[in-house]
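Each remark here refers to the structure printed beneath this line.
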Amino acid sequence: MSILISGNPATTTTTTIPGPNGRIYPSTIAVTPTTSIINTNWNLSVANTWLVTIGDYKMKVNNYNNKMISVDCISFKFDNTKSGVKLRVTGNYETITMNSLDELREYINRMKLLYLKAKEFEKQLNIEGDFV
């Protein structure tokens, strides 16, 4: 967030500014002879965290005041076992960044639909494996 303030002093200082939740975070104030720009670095670790269950995996969703949303990237994998094929849902080390709750809703619905289709495919593979 940048705030433009007109002024004359030419200095740079570090100060603290209260964040949106009342906590105080460090901020750098840069002042030029004609304008001063306050660059505030809000602490992005302050977020609402939700866990969405997809299969046996709990997908983590971080919501930063509905302005930025990060979601775990998940993958589906089929493992061969003694008893047949097993679907595994795992998380990657990647996250997906979104800008609205609508994008989040579409992504979660898409992942749930993909999970249901993968479960159907797992059943088909196990049924076909019985006849081989």
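Position 1 is the first residue of the sequence, and the numbers go up from there.
Legend: residues meeting salt bridge (Lys or Arg N to Asp or Glu O under 4.0 Å) with Lys67, ordered by chain and number and at least two apart, are absent. Taking the salt bridge (Lys or Arg N to Asp or Glu O under 4.0 Å) definition, one finds that Glu122 meets it with Lys119, sequence neighbours left out. In this view, Asp79 and Arg88 satisfy the side chain to side chain donor-acceptor pair (under 3.5 Å) rule, not counting sequence neighbours.
Criterion: ILVMFWY side-chain heavy atoms under 4.5 Å apart, direct or through other members. Under it, Val52 and Ile74 are part of a common hydrophobic cluster. Under the 4.5 Å side-chain heavy-atom criterion for Ile, Leu, Val, Met, Phe, Trp and Tyr, Met111 and Phe121 are members of the same hydrophobic cluster. In terms of hydrophobic clustering, with Ile, Leu, Val, Met, Phe, Trp and Tyr side chains grouped at heavy-atom distances under 4.5 Å, Phe76 and Ile96 are assigned to a common cluster. Tyr64 and Ile69 sit in two unconnected hydrophobic clusters of ILVMFWY residues. Membership requires side-chain heavy atoms under 4.5 Å apart, directly or through other members. Using a 4.5 Å cut-off between side-chain heavy atoms of Ile, Leu, Val, Met, Phe, Trp and Tyr, with links allowed through other members, Val61 and Leu101 fall into the same hydrophobic cluster.
Between Lys60 and Thr49 the shortest heavy-atom distance is CG-CG2, 3.6 Å. Summarising the geometry of Trp50 relative to Asn63, their closest heavy-atom pair is CH2-ND2, 3.2 Å, with the distance given to 0.1 Å. What you find for Ile54 and Val89 is that their closest heavy atoms are O-CG1, 3.8 Å. Minimum interatomic distance between Met59 and Asp72 (heavy atoms only, all atoms of both residues): SD-O, 3.7 Å.
Residues Tyr115 and Lys112 form no side-chain contact, since every pair of their non-hydrogen atoms from C-beta on lies 4.5 Å or further apart. Within the 4.5 Å cutoff, the side chain of Val71 has no heavy atoms near those of the Ile108 side chain.
Atoms CG and NZ, on Asn126 and Lys86 in that order, are 9.5 Å from each other to the nearest 0.5 Å. Interatomic distance, CD of Glu120 versus CG of Leu87, reported as 12.0 Å (0.5 Å rounding). For the atom pair Asn109 CG and Leu114 CG, the distance stands at 12.5 Å (nearest 0.5 Å). The OG atom of Ser75 sits 9.5 Å away from atom CD of Glu94, with the distance rounded to the nearest 0.5 Å.
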